[in-house]
Amino acid sequence: MPLEYTTISEISGPLVVVEEVREVHYDELVEVETRDGEVRRGRVLEASAGKALVQIFEGTSGLDVTGSSVRFLGKVLEIPVSPDILGRIFDGAGNPIDGGPKIIPEKRLDINGSPINPFARAYPSEFIQTGISGIDCMNPLVRGQKLPVFSGSGLPHAQLAAQIARQATVLTGSEPFAVVFAAMGITFEEADYFMTDFRRTGAIDRAVLFMNLANDPVIERIATPRMALTVAEYLAFEREMHVLVILTDMTNYAEALREVSAARKEVPGRRGYPGYMYTDLSQIYERAGRIQGKKGSITQIPILTMPEDDKTHPIPDLTGYITEGQIILSRELHKKGIYPPINISISLSRLKDKGIGEGKTREDHADVLNQLSDAYDRGKEARELSVVLGEAALSDNDKLFLRFADEFEERFVKQGANENRPIAGTLDIGWDLMTLLPRSELKRVSDKNAEKYLKSKTSGGAASAAE
């Protein structure tokens, strides 16, 4: 029977200080009962010298120092898991919100998980097809990778997240595929969009959704990604599934960290964020990966909105250090009506070379990636030159590359929100675009691949390719 304390000495924001406590431990679950009998949950943040600092998940509104009692439960925050968890929707605290019954647990797992021994990690090497050309060809996602999406306010990252969740699949291997989707601090409209989209497309059957709304407690927002990742670890390493985890929006998560840090009166770091934010984000991102001897794996796509589109802001800056690349959305492309507005030039997948090539995608993938990237950059340079000097000042080659850049954005980067392109189709579009340029300018493709894939093309520079 847990001891009950009526020794609350201070209430500050979502935090409660309890005096004269005994045998209380960090991260222990707490129940706080108000004067009128309402029970709220919390967890211990600090415990020392007979004093405990408690986070209240539902907030402290209505609590008072003299009329509330506190019980320490002697266990940590856990989530019930079983195979039946697939197809379900939960709130940020792990409670079902889809009208279905509570999960009958096979087991209960600590939401903080267990760190993966670096020696036991298997190197990511298998390609994941998202059906989006700007990712699959130019910045490939590899099984076990952490590849964040850097967006900005008003850009269609929610739509992109839903499309990836709907379309993602592993081309090699026989393991079943699942998606764990966690949304933090989103509006009701956004939550409704995600839930409706998953149900409409049938993607809900292989997915688990966690929805933390903007008006939900801040403390719940900090627990949401950990609950999602705990479910992902269960599905991956105990049910032998490949799991894609999508976390949106990590900026809202970091803001919740800052709010709690301020309530604790901690010394702030950069722009008011806590100095331990790097460590905290690492605890989330590093839960992705593969383990030697295990068939399952966890791949992560965190999505964050950069305040004022600033890549040097602490949230994207620290995220970039921890993860293996970034997909950056472009406001300029969005204004042109291009979806998804992926900025190919500054996006990067650091593991792209590990997941492409013969037996994984296609033997010409690296050639297409390198050539398209080079030609597009030259086309953008020609575009900038034409703005300053006028198109008449461009050389014939510059005009070819300018046309290539325009066509690349319209035919390759741009695609429908429900268009699922196979990687072979994406690479074929790339070769077709290369025919806009003379063969002498295609310096990043091998003669063997050029002979095989350019030979049948008849538009633009095909004549040059045949010469």
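Looking only at side-chain heavy atoms (C-beta outward), Ser349 and Leu141 stay at 4.5 Å or farther from each other. Taking the side chain as every heavy atom from C-beta outward, Leu372 and Ile344 never approach each other to under 4.5 Å. At least one side-chain heavy atom of Phe90 sits under 4.5 Å from a side-chain heavy atom of Ile103. A heavy-atom distance below 4.5 Å is found between the side chains of Val260 and Ile219. Residues Pro341 and Arg331 have side chains not in contact (no heavy-atom distance under 4.5 Å, counting atoms from C-beta outward). Between Leu109 and Glu233 the shortest side-chain heavy-atom distance does not fall below 4.5 Å. For the pair Arg290 and Glu126, the minimum side-chain heavy-atom distance is below 4.5 Å. Looking at heavy atoms from C-beta onward, Lys354 lies out of side-chain contact with Glu324 at the 4.5 angstrom threshold.
Atoms CG and CG, on Leu333 and Leu155 in that order, are 10.0 Å from each other to the nearest 0.5 Å. For the atom pair Ile164 CD1 and Ile246 CD1, the distance stands at 5.5 Å (nearest 0.5 Å). Atom CG of Leu329 sits about 8.5 Å away from atom CD1 of Ile327, to the nearest 0.5 Å. The distance from atom CG of Asp91 to atom CD1 of Ile89, rounded to the nearest 0.5 Å, is 11.5 Å. Rounded to the nearest 0.5 angstrom, Glu28 CD and Phe72 CZ are separated by 7.0 Å. With rounding to the nearest 0.5 Å, the separation of CG in Leu304 from CZ in Phe150 is 5.0 Å.
The two residues Tyr26 and Leu45 have their closest heavy-atom pair at CD1-O, 3.2 Å. Taking both residues in full, the closest heavy atoms of Tyr285 and Pro302 are given as CE2-CG, 3.5 Å, listed atom of the first, atom of the second, then distance. In plain terms, the two heavy atoms of Gly320 and Arg350 that are nearest each other are O-NH1, 3.5 Å. Closest heavy-atom contact between Val142 and Ser125: CG1-N, 3.3 Å. Listed here is the closest heavy atom pair of Thr224 and Ala183: CG2-O, 4.2 Å. Residues Gly144 and Thr299 come closest through the heavy atom pair N-OG1, 2.8 Å.
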(request) Carefully, step by step, assess Tyr123 and Leu351 under the rule side chain to side chain contact (heavy atoms under 4.5 Å, CB included). (result) CA-CA 10 Å; Tyr123 202 84; Leu351 299 180; 3.5 Å; yes
(message) Checking Glu255 against Arg258 for the salt bridge (Lys or Arg N to Asp or Glu O under 4.0 Å) test, could you report, in this order, the C-alpha distance in whole Å, the side-chain angles of both residues, the deciding distance, and whether it holds?
(response) CA-CA 5 Å; Glu255 295 291 347; Arg258 180 164 67 173; 2.7 Å; yes
(request) Show the numbers, then the answer: is there a salt bridge (Lys or Arg N to Asp or Glu O under 4.0 Å) between Arg121 and Glu286? (result) CA-CA 11 Å; Arg121 283 184 180 270; Glu286 292 297 342; 3.6 Å; yes
(request) Test side chain to side chain contact (heavy atoms under 4.5 Å, CB included) on Val44 and His25 and set out the steps. (result) CA-CA 7 Å; Val44 176; His25 305 286; over 6 Å; no
(request) Could you check Ile322 against Ile284 for side chain to side chain contact (heavy atoms under 4.5 Å, CB included), going step by step and ending with a plain yes or no? (result) CA-CA 10 Å; Ile322 302 165; Ile284 292 175; over 6 Å; no
(message) Evaluate Tyr193 against Gln159 for side chain to side chain donor-acceptor pair (under 3.5 Å), listing each step before the verdict.
(response) CA-CA 9 Å; Tyr193 167 76; Gln159 195 174 7; 4.9 Å; no
(request) Using the side chain to side chain donor-acceptor pair (under 3.5 Å) rule, take Arg143 and Ser297 through it: C-alpha gap first, then chi angles, then the decisive distance, then the call. (result) CA-CA 7 Å; Arg143 184 175 175 181; Ser297 60; 2.6 Å; yes
(request) Output, in order, the C-alpha distance, side-chain angles, deciding distance and verdict of salt bridge (Lys or Arg N to Asp or Glu O under 4.0 Å) for Arg271 and Asp310. (result) CA-CA 13 Å; Arg271 302 203 189 185; Asp310 180 12; 3.1 Å; yes
(message) Quick one, Asn418 with Arg166, criterion side chain to side chain donor-acceptor pair (under 3.5 Å). Give me CA distance, side-chain angles, the key distance, then yes/no.
(response) CA-CA 9 Å; Asn418 294 301; Arg166 205 167 53 234; 3.2 Å; yes
(request) Evaluate side chain to side chain contact (heavy atoms under 4.5 Å, CB included) for Ile301 paired with Val149, printing each intermediate quantity in order. (result) CA-CA 7 Å; Ile301 300 183; Val149 174; 3.9 Å; yes
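In this structure, Asp280 pairs ionically with Arg226, as a charged nitrogen and a carboxylate oxygen lie closer than 4.0 Å. Between Arg421 and Asp428 there is no salt bridge, since no side-chain N of the basic residue sits under 4.0 Å from a carboxylate O of the acidic one.
Distance alone, capped at 3.5 Å, places no donor-acceptor pair between the Thr230 side chain and the Gly113 backbone. The backbone N or O of Asp216 lies less than 3.5 Å from a partner atom in the side chain of Arg221, making a donor-acceptor pair. With hydrogens and angles ignored, the 3.5 Å screen pairs no side-chain donor or acceptor of Ser373 with any backbone N or O of Leu369. Proximity of a side-chain donor or acceptor of Thr361 to a complementary backbone N or O of Ile356 within less than 3.5 Å is not detected. Checking side-chain atoms of Asp27 against main-chain N and O of Val76 turns up no donor-acceptor pair under 3.5 Å. A donor-acceptor contact shorter than 3.5 Å is absent between the side chain of Glu31 and the backbone of Val39. In terms of modelled atom types and a separation under 3.5 Å, the side chain of Ser261 and the main chain of Leu257 share no donor-acceptor contact. Between the side chain of Gln415 and the backbone N or O of Gly131 there is at least one donor-acceptor pair closer than 3.5 Å. With hydrogens and angles ignored, the 3.5 Å screen pairs no side-chain donor or acceptor of Asp205 with any backbone N or O of Gly87. Side-chain atoms of Asp136 come within 3.5 Å of backbone atoms of Thr130 as a donor-acceptor pair (strictly under, hydrogens ignored).
Between Phe198 and Phe181, the ring center distance clears the sub-6.0 Å criterion. Remark: aromatic rings of Tyr273 and His313 are close, center separation under 6.0 Å.
Judged by distance alone, the side chains of Arg40 and Thr60 never bring a donor and an acceptor atom under 3.5 Å apart.
In the displayed structure, Phe177 atom CZ is contacted under 6.0 Å by more than 12 heavy atoms of other residues, nucleotides or ligands. Dense packing is recorded around NZ of Lys336, with more than 12 heavy atoms of other residues, nucleotides or ligands lying under 6.0 Å away. Residue Tyr276 qualifies as enclosed at atom OH: its count of foreign heavy atoms under 6.0 Å is above 12. At most 12 heavy atoms of other shown residues, nucleotides or ligands fall within 6.0 angstrom of atom CD in Glu259. In this structure, Lys360 places its NZ atom where more than 12 heavy-atom neighbours from other residues, nucleotides or ligands lie under 6.0 Å away.
Applying the side-chain hydrogen bond (donor to acceptor under 3.5 Å, both in side chains) test to pairs two or more places apart or on separate chains, those with a residue in residues 13-24 are Ser9-Glu19.
With Met306 as the fixed residue, the side-chain contact (heavy atoms from CB on, under 4.5 Å) test singles out one of Ser153, Pro316, Ser151: Pro316.
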